[in-house]
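Handing you a structure now.
Chain letters run A, B, ... following the sequence lines, proteins first, then strands; residues in each count from 1.
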Protein chains: 2
Amino acid sequence: MTTDENSLQAAVPQDDLRLEKFLPYRLSVLSNRVSNAIAQAYGTRFELTIPAWRVMAILGRFPDLSAADLVEQTAMDKVAISRAVSSLFKNDYISRSEDPSDRRRQVLNLTELGREVYERIVPLAQQYENDLMSSLSPEERQQLDSIIEKLMDRAQAWADRGLID
Amino acid sequence: MTTDENSLQAAVPQDDLRLEKFLPYRLSVLSNRVSNAIAQAYGTRFELTIPAWRVMAILGRFPDLSAADLVEQTAMDKVAISRAVSSLFKNDYISRSEDPSDRRRQVLNLTELGREVYERIVPLAQQYENDLMSSLSPEERQQLDSIIEKLMDRAQAWADRGLID
DNA sequence: CATAAGTGGTTACATTTGAAACCAATATTA
DNA sequence: TAATATTGGTTTCAAATGTAACCACTTATG
């Protein structure tokens, strides 16, 4: 339509907003597509939601964490963790044991069963990631890594310092 | 911890999965941070949800669309569109008029009020996007654009052809 | 032109999610 | 050591979201 169809700088604000070029929108669509596909894979095979899978992924690497520790590691909130933990516990994927030095705190670990599942999911997850990554060149992967980091910091700054304006 | 801290290729599958390096996870965190910030900006100022804003963004550029047309343009589903449309209608941001040639179809347009709001939001949205983009160099913006496109295609392929395995 | 099949859009219901209130245990302060 | 504040974690309630059923209308098929 316009002559500068592929102008990438867009330093000059346009009157219209092209949703399909709007970064927040594109990130959302991409993330949803990816998450939905993966959620379905985990869900159908292991009755695992994404939050639950995240908890397992962390506990697989770091034993003896509490729910609060998980909050720190996952960017998920208390409630989501609490729900994920109790569903994992119900499925016998993790154990909760009381911390003797602080009786509010529960020490979490994968059970044997949990670890078996974990060890089957990790390659599956890696397969999805590799499949995604296989559409990119090594340079692009490197670029993506650093770009995400930068965007993440910037978006984090919004939350910290309050929004724009 | 390990010596290959910054190995980017990761062609060799590792035993552990580092959530903080796992692309689907990072995309999700990034997208949520961005969306939440923006949703709050729209929400507090104009009582607009993200789906509603998307509908307005499209109608601002393309008048006389139906709900089905919006589905095509937005990657949102029927129901989400329907709800966004009726809330926008309630707020007098859009008009619905019956298509004489097909009485099921409703032709949607921004009202005067809707267009005013639209014209105030567009710069706001662009401000957010520019702020995000300002953390990237021109080359990086270009790279991101093409990387997202590739990842999107790949993730779409999952949905089309069915999942991996 | 009657019936079946398809399309545009909404409604109903179940599930997920988030915010705030909440309980129990621990840490702090007077 | 009593009173208060803080922290770990769960529950409650309301809002957001997805799936499937659904109505109204239109198109295709006999």
Min and max contacting nt of DNA chain D in 5' to 3' order, chain B heavy atoms within under 4.0 angstrom, are D:dT17 to D:dT26
Between C1' on C:dT16 and CE on A:Met76, what's the gap in Å once rounded to a whole number?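 From A:Met76 CE to C:dT16 C1': 13 Å.
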What do you reckon, are the aromatic ring centroids of B:Trp158 and A:Tyr128 less than 6.0 Å apart? yes
Could you go through A:Ser66 and A:Asp69, starting from their C-alpha distance and side-chain angles, then the distance that decides it, and tell me whether this counts as side chain to side chain donor-acceptor pair (under 3.5 Å)? CA-CA 5 Å; A:Ser66 68; A:Asp69 297 332; 3.1 Å; yes
Taking salt bridge (Lys or Arg N to Asp or Glu O under 4.0 Å) as the definition, give me every residue that meets it alongside B:Glu140, ordered by chain and number, with sequence neighbours left out.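 Applying salt bridge (Lys or Arg N to Asp or Glu O under 4.0 Å) to B:Glu140 gives A:Lys150.
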Which residues pass the side-chain contact (heavy atoms from CB on, under 4.5 Å) test with A:Glu149, sequence neighbours left out?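 So A:Glu149 forms a side-chain contact (heavy atoms from CB on, under 4.5 Å) with B:Arg26.
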Using 30° and 60° as the class limits, which term best fits the ring planes of B:Tyr42 and B:Trp53: parallel, tilted or perpendicular? tilted
Taking for A:Pro100 and for A:Thr49 the nucleotide of DNA chain C with the nearest heavy atom, the one nearer the 5' end belongs to A:Thr49
Test side-chain contact (heavy atoms from CB on, under 4.5 Å) applied to A:Leu23 - qualifying residues, sequence neighbours left out: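 Partners of A:Leu23 under the side-chain contact (heavy atoms from CB on, under 4.5 Å) test: A:Leu27, A:Leu151, B:Glu129, B:Leu132, B:Met133, B:Leu144, B:Ile148.
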Which pairs, with at least one residue in residues 77-123 of chain A and sequence neighbours excluded, count as a ring-ring contact (aromatic ring centres under 6.0 Å, His included)? none
In Å and rounded to the nearest 0.5 Å, what is the CD to CG distance from A:Gln106 to A:Leu108?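 Answer rounded to 0.5 Å: 6.5 Å.
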Along DNA chain C (nearest heavy atom to each residue), the more 5'-positioned of A:Arg103 and A:Asp77: A:Asp77
Protein within reach of the bases, or only the backbone? For nucleotides 3-12 of chain C, mark each nucleotide 5' to 3' as B, S or -, using heavy atoms under 4.0 Å. ---BBBBBBB
